[in-house]
Trainee: 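Handing you this structure, nothing more for now.
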Amino acid sequence: MAGMWLMKSEPDEFSIDALAEVTHEPWTGVRNYQARNFMRDAMRVGDPVLFYHSNCAQPGVAGIAEVASAAYPDPTQFDPDSAYYDPKSTRSAPRWLLVDIRFVRRCKRVITLDAIRSAAEPLGDFALIRRGNRLSVLPVTAAQYQHILSLEHTA
DNA sequence: GCCAACGTTGGC
DNA sequence: GCCAACGTTGGC
């Protein structure tokens with residue numbers, strides 16, 4: 001059951017350029033059950049990922065990545081020094097899972113939330129542009145994926 | 001198991 | 001920095 005995904009990252013924390021440098025990154029720090037479930041239950045190695053910059057001057061899709069591992073426990077949940085430490089999680093029953101993400105390419109320019117919203121009609125119901133959506137990992141249909149990428153080549 | 005309080009997200 | 005949305009927590 002392969003899928004397509006959009007994953008948000010704050011570029012101040014971890015940008016598409018940072019991903020390009022390391023090429024491979026464990027997606028630590030997700031602490032939302034819905035987002036975790038997508039990673040745990042539905043992601044498959046090779047699934048394409050729209051890499052979205054959030055909470056920044058120009059929010060939007062900044063590049064393409066892909067799922068690079070099966071789900072496994074997020075090590076930061078066990079680290080008392082980590083901001084993502086979860087004292088209620090145990091190694092025998094880890095609460096938080098993650099996948100690795102691999103860099104594919106940058107967008108020629110950021111496909112802004114504005115542009116995506118303007119193109120909303122053909123996208124149908126899309127969680128990213130629903131008011132108040134805060135989910136950091138969300139599924140994208142093939143049509144939405146294609147359409148967003150097509151915006152890369154338009155003004 | 002209800003629900004108010006609280007914390008976080010994220011666009012603006 | 002504001003604030004709406006909404007998930008989580010914890011008292012009952």
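Residue numbers begin at 1 in each chain, while the letters A, B, ... track the order of the sequences.
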Trainee: With sequence neighbours left out, which residue pairs that include part of residues 74-107 of chain A fulfil the ring pair (Phe, Tyr, Trp, His ring centres under 6.0 Å) condition?
Mentor: Y33(A)-W96(A)
Trainee: Only counting residues at least two apart or in another chain, list the ones meeting ring-ring contact (aromatic ring centres under 6.0 Å, His included) with F51(A).
Mentor: W27(A), H53(A)
Trainee: Run the ring-ring contact (aromatic ring centres under 6.0 Å, His included) test against Y72(A) and tell me which residues pass, sequence neighbours left out.
Mentor: none
Trainee: What residues, two or more places apart in sequence or in another chain, satisfy side-chain hydrogen bond (donor to acceptor under 3.5 Å, both in side chains) together with R102(A)?
Mentor: E66(A)
Trainee: 5'-most contact on DNA chain C: N32(A) or N55(A), nearest heavy atom basis?
Mentor: N55(A)
Trainee: So which one's nearest nucleotide on DNA chain C is more toward 5', R134(A) or R95(A)?
Mentor: R134(A)
Trainee: Could I get the full list of side-chain hydrogen bond (donor to acceptor under 3.5 Å, both in side chains) partners for R91(A), not counting sequence neighbours?
Mentor: none
Trainee: Quick one: how far along DNA chain B does chain A reach, first to last nucleotide 5' to 3', anything under 4.0 Å to a heavy atom?
Mentor: dG7(B) to dC12(B)
